[in-house]
Amino acid sequence: MSIRHIIILASVLLAACKTPAGTFEPACEAFAGDRITLRQSGFTWEKFTDVRQVDDDGNLIDPFPGFPKQGRVDRQGAELNMIATDGAVLPTMWLHETDGQVFLLTEQQRAELEGGQPMDECALKLRESA
């Protein structure tokens with residue numbers, strides 16, 4: 001069975017399930033990145049970094065203006081479309097399950113995986129409940 005068939009099968013299986021609720025964070029040790037929390041039909045998308053910059057007056061500069069974003073999630077199979085409350089359409093994300101773990105992939109990460117490349121080590125992974 002090819003990687004493409006496995007991805008399609010996983011997508012079909014995920015389509016039968018509801019959108020997983022929880023927080024997706026980088027699967028690697030990351031000092032900057034995205035954190036996306038899904039709940040029923042809504043989301044919160046935060047960005048984080050350990051880099052701090054100040055302006056000439058010593059005021060902290062917001063590294064991610066406009067974040068966090070919140071809004072609704074429309075799911076079609078493994079595809080998640082997030083529409084922010086301000087009307088912004090955010091990049092499409094893709095649910096992917098492997099070895100019992102659920103990931104939220106970008107379009108590029110999904111294409112690379114379908115092309116036979118290994119999973120991005122920093123892909124957003126559903127955090128295990130404490």
Side-chain angles (χ1 to χ4, degrees):
M1 184 178 278
S2 74
I3 189 77
R4 181 170 165 75
H5 290 110
I6 293 170
I7 291 171
I8 291 170
L9 178 60
S11 296
V12 170
L13 291 173
L14 282 170
C17 304
K18 65 180 184 173
T19 301
T23 300
F24 290 82
E25 298 178 317
C28 65
E29 184 175 341
F31 299 103
D34 297 290
R35 181 179 301 113
I36 298 175
T37 302
L38 300 177
R39 59 196 173 284
Q40 292 187 323
S41 64
F43 75 91
T44 300
W45 187 333
E46 302 170 278
K47 291 186 173 281
F48 65 91
T49 183
D50 66 344
V51 175
R52 299 291 178 252
Q53 295 180 329
V54 293
D55 62 20
D56 292 337
D57 295 325
N59 299 312
L60 188 62
I61 297 172
D62 182 357
F64 306 111
F67 278 86
K69 293 213 178 274
Q70 296 183 329
R72 74 174 199 276
V73 175
D74 293 330
R75 179 174 177 185
Q76 296 179 353
E79 181 179 332
L80 293 182
N81 294 296
M82 294 179 275
I83 297 91
T85 53
D86 64 6
V89 177
L90 302 171
T92 299
M93 302 291 281
W94 300 84
L95 287 169
H96 175 75
E97 185 171 356
T98 185
D99 297 328
Q101 298 181 4
V102 181
F103 294 87
L104 195 54
L105 305 178
T106 64
E107 181 65 40
Q108 180 178 344
Q109 290 168 328
R110 179 178 159 267
E112 289 170 355
L113 196 59
E114 282 184 349
Q117 294 182 25
M119 172 79 75
D120 180 339
E121 68 179 24
C122 288
L124 298 182
K125 178 180 158 188
L126 182 60
R127 182 173 58 200
E128 295 180 19
S129 300

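Being a predicted model, the structure only gives us computed values, none of them experimental. All residue numbers refer to positions in the sequence shown, counting from 1.
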When you compare the side chain of F24 with that of V102, does any pair of heavy atoms fall below 4.5 Å? yes
To the nearest 0.5 angstrom, please state how far the CG atom of L124 sits from the CG atom of D34. 6.0 Å
Nearest 0.5 Å, please: how far is CG in L104 from NZ in K125? 14.0 Å
Inter-residue atom distance R72.CZ - D74.CG, 0.5 Å rounding: 4.5 Å
Specify whether H96 and F103 have parallel, tilted or perpendicular ring planes, treating 30° as the upper limit for parallel and 60° as the lower limit for perpendicular. tilted
Do the side chain of R110 and the main chain of E112 share a donor and acceptor less than 3.5 angstrom apart? no
Are any non-hydrogen side-chain atoms of P20 and L95 less than 4.5 angstrom apart? yes
Give a yes or no on whether W94 and I83 share a hydrophobic cluster (residues Ile, Leu, Val, Met, Phe, Trp, Tyr; joining criterion: side-chain heavy atoms under 4.5 Å apart). no
Separation between CZ (F48) and CD (E25), nearest 0.5 Å, reads 7.0 Å
Using every non-hydrogen atom in the two residues, find where R75 and G77 come nearest and quote the distance to one decimal. NE-O, 2.5 Å
Between CD1 of I36 and CG of L80, what distance do you get to the nearest 0.5 Å? 9.0 Å
Between D99 and Q101, is there a donor-acceptor pair closer than 3.5 Å when you use the side chain of the first and the backbone of the second? no
pair M93-L105: side-chain heavy atoms closer than 4.5 Å: no
Does E79 reach the main-chain N or O of Q76 with its side chain, forming a donor-acceptor pair under 3.5 Å? no
If you round to the nearest 0.5 Å, how far is CD of Q70 from CZ of F43? 8.0 Å
On a heavy-atom basis, which atom in L113 and which in P118 lie closest, and how many Å separate them? CD1-C, 4.1 Å
When you measure from the side chain of D55 to the backbone of D57, do you find a donor-acceptor pair of N or O atoms at a distance under 3.5 Å? yes
